[in-house]
Every structure is written in C-alpha cells, then in structure tokens.
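Remember, it's 1-based here, ligands and their atoms both numbered in the order they're listed.
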Amino acid sequence: GKEQIIVKVMILGDSCTGKTCLLIRYKDGAFLNNNFISTVGIDYRLKEQQVDQHGRQESQAPGITRFSDFLTPTNSFSQIWDTAGQERFRSVATSYYRDADALLLVYDIANRQSFDNVRDWLSHIKEHGKEAVQVTLVGNKCDLPRVVQADEGRRLAEENGIPFMETSAKTGQNVDRAFLGLAERMIKM
Ligand code: GTP
C-alpha cells in the first residue's frame, strides 16, 4: 500500500494580516481551478473544522483556530492550521506549532508593525518549533498601497534562509503558489 505521510502546516502571523483569508482563498481557488492542480500533480480534498483553544470543535468561539485537511494522490495527508494572531492567543498557537512541519509566516505589506513583528515570530519559532520546520515568509495584501517594500521582505527572508513571496488573498495573486510550494517542498523531503 501507499505510505501515508502526515504533514502539518500552520499559518502564523499578527492578527489581521489575512491568515484566514489566505486559507479560504487557497481552498476555493484550488477547487475552482483543476488545471492548476494537475500542473503540480497535487490533488486534495479539504475538510474544515473549527476548534477552540482546547482543541474541541466549536463554531462560534472568538479567536478560534481553524484547520483544514487535504489529501494528495500520493496519499500523503496534510493539515493546514490557521491560527489566531492576537497576543492573548499566542500561547495557544505555540502549543499547536510545536509539532508543525511547515509554517507560513504572514505579515501585511500595508502594516509596518506586522512586518516588524516578523523577527519576534521567527525567534519564537526557533525557540518552540521543530528543528527541521520549513518556514515561508509571506507578505500578504499586495493589492493595497504598500508601506513595506518587497526588498525588505526579501532581505529578511534571505537573512533567515527561507523562501519569500508576496500574496493577495483578495485577488488570489500567488496564494496557490505559497501553499503548493510548501506542499511540494515537504513531499520532496
Ligand atoms: P486573526 O484571526 O485575528 O489572527 O486575523 P487573520 O490574520 O486571520 O486576518 P483575516 O484573514 O481575518 O483578515 C483580516 C482583514 O484583512 C479582513 O478584513 C480581510 O478582509 C482583510 N484582508 C485579508 N487579506 C487581504 C488581502 O490580501 N487584501 C486586502 N485588501 N485585504 C485583505
């Protein structure tokens, strides 16, 4: 039989940077565009649930963490976790990403503070994350007038030896690439 690989992907970053929107855009865009899926050879199904800070299923809780599962034809099994960015939920996020294989670290290119906080997120990840965790830096909301230059994001990513891209959950720009690039890297490992 096929080997089953479990990949746990999480989306991290400050509150309001668009983490939930990125996940929703990815999910819907991918469902609508079959060509894209066959191009990269990854098929999947998404299952979305909401859990509270204790991991229980919940529908209406504030600051909920949402996760989605998808299956690839190689029968690898991935979970994408969308975390709450608010400071008061930081410890909750930490307990979830301790065993994450891949992280999308998101800032908002129209919000300088969210970019400045990326360094804090990175050191937090170094301290609490898996040693081999794959991190991708994502500057979201690239449809908006920017206050953070693309070069700044690129430089920060280079300093940390991680990939970088700018996305827009609103227009869909680069969203599939961000997620599928991550999936491809994980499958190659
Ligand atoms: P927390 O759950 O608090 O951590 O927030 P979040 O990071 O999940 O942010 P969310 O996805 O809820 O988006 C926050 C706000 O930004 C919403 O009003 C979105 O409509 C908006 N937003 C998200 N992505 C984009 C984008 O790419 N472009 C624009 N213009 N707005 C966006």
Trainee: Can you tell which part of D14 has a heavy atom less than 4.0 Å from ligand 1: side chain, backbone, both or neither?
Mentor: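 It is the backbone that touches ligand 1; the side chain stays farther off.
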
Trainee: Run down the list K19, K170, Q173 and name the one with the heavy atom closest to atom 7 (O) of ligand 1.
Mentor: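 It is K19 that holds the nearest heavy atom.
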
Trainee: Under 3.5 Å, N or O to N or O, is C21 touching ligand 1 that way?
Mentor: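 Looking only at distances, the answer is yes, because the N/O contact criterion of under 3.5 Å is met.
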
Trainee: What's the separation between atom OG1 in T136 and atom CG in L103, rounded to the nearest 0.5 Å?
Mentor: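 Nearest 0.5 Å value for the OG1-CG distance: 9.0 Å.
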
Trainee: Could you tell me whether L144 approaches ligand 1 through its side chain, its backbone, both or neither, with non-hydrogen atoms closer than 4.0 Å?
Mentor: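 The part of L144 near ligand 1 is the side chain, not the backbone.
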
Trainee: Taking distance alone, with no angle check, do G18 and ligand 1 share an N/O pair under 3.5 Å?
Mentor: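 Yes - when backbone and side-chain N and O of G18 are compared with those of ligand 1, one distance drops under 3.5 Å.
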
Trainee: Give the single entry among T171, D143, I109 that approaches atom 30 (N) of ligand 1 most closely by any heavy atom.
Mentor: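 Going through T171, D143, I109 one by one, D143 has the nearest heavy atom to atom 30 (N) of ligand 1.
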
Trainee: Listed by chain and number, what are the ring-ring contact (aromatic ring centres under 6.0 Å, His included) partners of F164, not counting sequence neighbours?
Mentor: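 Once residues adjacent in sequence are excluded, F164 has no partner under the ring-ring contact (aromatic ring centres under 6.0 Å, His included) criterion.
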
Trainee: Please say whether T167 places an N or O atom under 3.5 Å from an N or O atom belonging to ligand 1.
Mentor: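 Min N/O separation from ligand 1 is not below 3.5 Å for T167.
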
Trainee: Ignoring hydrogens, what is the shortest heavy-atom contact between V148 and N111? Give both atom names and the distance.
Mentor: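 Looking at all heavy atoms of both residues, the shortest contact is CG2-O, 4.3 Å.
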
Trainee: Of all the atoms in ligand 1, which lie at a distance below 4.0 Å from a heavy atom belonging to N140?
Mentor: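 That gives atoms 24 (N), 25 (C), 27 (O) of ligand 1.
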
Trainee: Where do R119 and E159 land on the salt bridge (Lys or Arg N to Asp or Glu O under 4.0 Å) test, with the steps shown first?
Mentor: CA-CA 11 Å; R119 287 183 194 279; E159 270 173 40; 3.2 Å; yes

Trainee: Compute the shortest N/O to N/O distance between C142 and ligand 1 and return yes if it is under 3.5 Å, no if not.
Mentor: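 Looking only at distances, the answer is no, because the N/O contact criterion of under 3.5 Å is not met.
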
Trainee: Would you say E166 and K141 make side-chain contact, with heavy atoms under 4.5 Å?
Mentor: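 With C-beta onward as the side chain, the pair stays apart.
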
Trainee: For A169, counting its heavy atoms only, list the atoms of ligand 1 lying under 4.0 Å from any of them.
Mentor: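 What qualifies from ligand 1 is 24 (N), 26 (C), 27 (O).
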
Trainee: Out of C16, G172, G139, indicate the one that has the non-hydrogen atom closest to atom 15 (C) of ligand 1.
Mentor: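 Answer by nearest heavy atom: C16.
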
Trainee: Work out which heavy atom in D108 is nearest to a heavy atom in S114; give both atom names and the distance.
Mentor: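 Closest approach of D108 to S114, heavy atoms only: N-OG, 2.9 Å.
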
Trainee: With heavy-atom distances below 4.5 Å as the criterion, would you say the side chains of V106 and L22 are in contact?
Mentor: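 The answer is yes; the side chains approach within 4.5 Å.
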
Trainee: By salt bridge (Lys or Arg N to Asp or Glu O under 4.0 Å), which residues pair with E158, not counting sequence neighbours?
Mentor: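 Once residues adjacent in sequence are excluded, E158 has no partner under the salt bridge (Lys or Arg N to Asp or Glu O under 4.0 Å) criterion.
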
